[in-house]
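Below is one structure, written out as structure tokens; comments come after it.
Both ligands and their constituent atoms are indexed starting at 1 by order of listing.
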Amino acid sequence: MLLDQCRRIWVVGASSGIGEALVKALGHPDRTLIISARNEEALNSLAASSAGPCIALPMDINKEEEVDNACRSLAEQPPIDMIILNAGTCEYMDSNRLDLALLERVMQTNFFSIVRLMDEALPMMRRALSQGISRPKLVVMSSSVTYQALPRAHAYGASKSALRYFTECLKADIQKEGIDVRLVSPGFVKTPLTDQNDFEMPFRVSAEDAALEIIKGLEGERFDISFPKKFTTYLKTLARLPDAWRFKILGKMSRHEQVDAPSQTHNNSGS
Ligand SMILES: NC(=O)c1ccc[n+]([C@@H]2O[C@H](COP(=O)([O-])OP(=O)(O)OC[C@H]3O[C@@H](n4cnc5c(N)ncnc54)[C@H](OP(=O)(O)O)[C@@H]3O)[C@@H](O)[C@H]2O)c1
């Protein structure tokens, strides 16, 4: 299905950054956008300024009851042509202390909650197919960090790599049903998420440009919509280098400072 023919699109993670830019770019008098995130105020103001019908459907993707309620309300409305699972979070980790609570938080939002949404999205896509909509789209937001592990991205990279793997498995199976599954793998995009970064972000693009790249990718046939090319090519090339070279380069990027081994207390009283 061409984007022009999409009459109903659900964007999850629409209140800021790439999601907000996508909503602005996709707004059209002949298309209904349904927009979700936790920040209800931001969703309402985005809906009010949209170029076409736009319905705010607030929910926290980590709260099962809120997701259930949102999906139940969508089941009572006309079918959806495209679902964009864009919601996500990022927290960096240090290797001095492997923060498992941080890992669980990031995995919960970026992987488990998105997978639960995929499970809700599939019956919606099948309903669209049964009502004559050809090739409804399921779009999943991953990251170019999945091409090559980068220092401090232990949790974020693992969550997005898990999502990539899961989405590929899903596509392999459900493509024969006529559901068009896509993955998006951006490099750095200027959004509230990256505004917290205190390191250089090569080839960073604006959220508006990212939205245009995603829309262009969705008009084409590629499974993995990745950009900007200079950055993704760099990461893919790095990933193909012999390990010794790769880790030398990665080591230069690392900020890790060697930690002294804990001093051992010897108890020799018994000897
Ligand atoms: N910016 C980059 O460089 C970059 C690169 C690669 C991939 N990505 C991915 O792109 C996606 C969008 O990120 P962004 O950069 O645009 O950051 P952002 O401005 O922080 O947007 C994140 C979106 O996800 C929503 N969200 C987060 N947690 C949620 C939750 N528990 N329930 C519902 N919605 C939730 C946020 O809304 P609320 O806070 O209102 O809930 C917001 O709408 C993320 O998946 C991110 O990993 C970003």
Out of the candidates Asn69, Leu43, Leu117, only one should pair with Met59 under the side-chain contact (heavy atoms from CB on, under 4.5 Å) rule; please name it. Leu117
Quick one: ring-ring contact (aromatic ring centres under 6.0 Å, His included) pairs with a partner in residues 211-230, sequence neighbours left out? none
For Phe166 and Phe111, take the angle between the two ring planes, folded into 0 to 90°, and tell me which bin it lands in: parallel under 30, tilted 30 to 60, perpendicular over 60. perpendicular
Between Lys24 and Glu20, does any NZ, NE, NH1 or NH2 come within less than 4.0 Å of an OD or OE carboxylate oxygen? yes
Those residues that, when tested against Lys63, pass side chain to side chain contact (heavy atoms under 4.5 Å, CB included) (two or more places apart): Asp60, Glu66
Who's touching ligand 1 if we go heavy atoms under 4.0 Å? Gly13, Ala14, Ser15, Ser16, Gly17, Ile18, Ala37, Arg38, Asn39, Met59, Asp60, Ile61, Asn62, Asn86, Ala87, Gly88, Thr109, Met141, Ser142, Ser143, Tyr156, Lys160, Pro186, Gly187, Phe188, Val189, Thr191, Pro192, Leu193, Thr194
Tell me, please, which residues at least two apart from Gln148 pass side chain to side chain donor-acceptor pair (under 3.5 Å). Arg246
